[in-house]
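First up is the structure itself, then whatever we jot down about it.
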Amino acid sequence: GQNIDQPTEMTATEGAIVQINCTYQTSGFNGLFWYQQHAGEAPTFLSYNVLDGLEEKGRFSSFLSRSKGYSYLLLKELQMKDSASYLCAVRNAGNMLTFGGGTRLMVKP
Amino acid sequence: NAGVMQNPRHLVRRRGQEARLRCSPMKGHSHVYWYRQLPEEGLKFMVYLQKENIIDESGMPKERFSAEFPKEGPSILRIQQVVRGDSAAYFCASSPPSGAYAGNEQFFGPGTRLTVL
């Protein structure tokens, strides 16, 4: 089976950097995804990692260590609009995503 | 290029009625996934379909729930004899055939918010 853990809530200040961690135990691994979800809206794709290392995309970066079952999402130069839930999801060999419970990020002025 | 479309966006049903949720995948996408999200919780996988085939329904409750993705038309998630516990947001996602993109991410629709009175 799959088990994915991430913190429930985080708070950070506008302009700062925040790191959201995700740990997972899976019976099969075929990539890790991060999605952003604003309240009442659909999740939107942020990043994808299948090999170890860092993927950078503008203000957002995502890191993966497969041997440790660990990923993080790094958000730089935080803006108020970054207040949202951030969902870590692991894809198995069957192409299905298992989501963590999401991390609710609040950005304060 | 329209994204994933779901309708209705909001659905209210009384206990015992049937709920039908529709999902039209993005153009060129042949894989459809249904997820349920309870308030303040993460997304829970329900079912994975390709045209005329159910690939994996391990997340579907054994009773009252069914899904289809016919050769023509949208994918349908059907809930019979709804109960209050079925109240949730139901999201549909689609992806292209495997290998089309390196990431092959799933694109989500806006969701249907089901309220059972």
Side-chain angles (χ1 to χ4, degrees), chain A residues 1-9 20 22-24 26-51 53 55 57 60 62 64 71 73 84-106, chain B residues 2-7 9-10 21 23 25-26 29-50 53-60 67 88-113 115:
Chain A
Q2 318 266 44
N3 189 40
I4 301 173
D5 289 310
Q6 50 181 131
T8 307
E9 284 187 358
I20 303 174
C22 172
T23 57
Y24 62 90
T26 65
S27 54
F29 180 84
N30 188 23
L32 186 143
F33 294 77
W34 284 95
Y35 283 82
Q36 180 191 61
Q37 186 179 27
H38 285 98
E41 297 183 13
T44 55
F45 169 77
L46 287 179
S47 70
Y48 165 73
N49 296 71
V50 67
L51 299 175
E55 294 284 339
K57 224 183 196 184
F60 293 3
S62 58
L64 176 67
S71 172
L73 180 70
S85 287
Y86 291 85
L87 313 178
C88 173
V90 172
R91 183 172 64 188
N92 66 10
N95 212 30
M96 280 143 16
L97 291 180
T98 300
F99 282 85
T103 298
R104 201 158 41 247
L105 174 67
M106 287 177 284
Chain B
V4 179
M5 298 174 69
Q6 290 186 250
N7 69 82
R9 295 291 304 276
H10 299 273
L21 287 61
C23 169
M26 283 180 72
H29 286 193
S30 56
H31 298 204
V32 165
Y33 314 80
W34 285 94
Y35 295 86
R36 176 163 61 178
Q37 187 174 37
L38 295 169
E40 307 299 319
E41 292 190 12
L43 291 152
K44 295 283 191 274
F45 167 78
M46 298 181 75
V47 63
Y48 166 30
L49 309 108
Q50 295 178 21
N53 274 316
I54 296 175
I55 306 302
D56 189 311
E57 55 182 348
S58 58
M60 286 275 272
Y90 292 83
F91 287 97
C92 167
S94 72
S95 68
S98 297
Y101 298 97
N104 204 18
E105 68 263 26
Q106 295 179 17
F107 294 83
F108 282 81
T112 294
R113 275 144 191 88
T115 302

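Residue numbers start from 1 in every chain, and the chains themselves are labelled A, B, ... in the order their sequence lines are given, proteins ahead of strands.
- Annotation for Met60(B): atom CE counts as buried by contact number, over 12 foreign heavy atoms lying within 6.0 Å.
- Looking at every heavy atom in both residues, Phe91(B) comes nearest to Gln37(A) through CZ-NE2, 3.6 Å.
- For chain A, the nearby part of Gln37(B) is the side chain; its heavy atoms alone come within less than 4.5 Å.
- Residues that satisfy the salt bridge (charged side-chain N to carboxylate O under 4.0 Å, His left out) test with Arg36(B), not counting sequence neighbours, are absent from this structure.
- Between Tyr35(A) and Phe108(B), the ring center distance clears the sub-6.0 Å criterion.
- Interface check for chain B: of the options Gly31(A), Gly40(A), Ser85(A), Ala89(A), the most heavy-atom pairs under 4.5 Å are formed by Gly40(A).
- For chain B, the nearby parts of Leu97(A) are the backbone and the side chain; heavy atoms of each come within less than 4.5 Å.
- Rounding to the nearest 0.5 angstrom, the gap separating the CZ atom in Phe45(B) from the CE atom in Met96(A) is 4.5 Å.
- Under the 6.0 Å cut-off for aromatic ring centres, Tyr35(B) and Phe99(A) qualify, their centroids lying closer than that.
- Considering all non-hydrogen atoms of both residues, Ala42(A) and Pro110(B) come closest at CB-CA, 3.9 Å.
- Scored by the ring pair (Phe, Tyr, Trp, His ring centres under 6.0 Å) test, Tyr90(B) finds no partners at all (sequence neighbours excluded).
- In this structure, Tyr48(A) and Glu105(B) have side chains that are not in contact, with every pair of non-hydrogen atoms separated by 4.5 Å or more.
- Taken from OG1 in Thr98(A) to CG in Leu43(B), the straight-line distance is 11.0 Å, to the nearest 0.5 Å.
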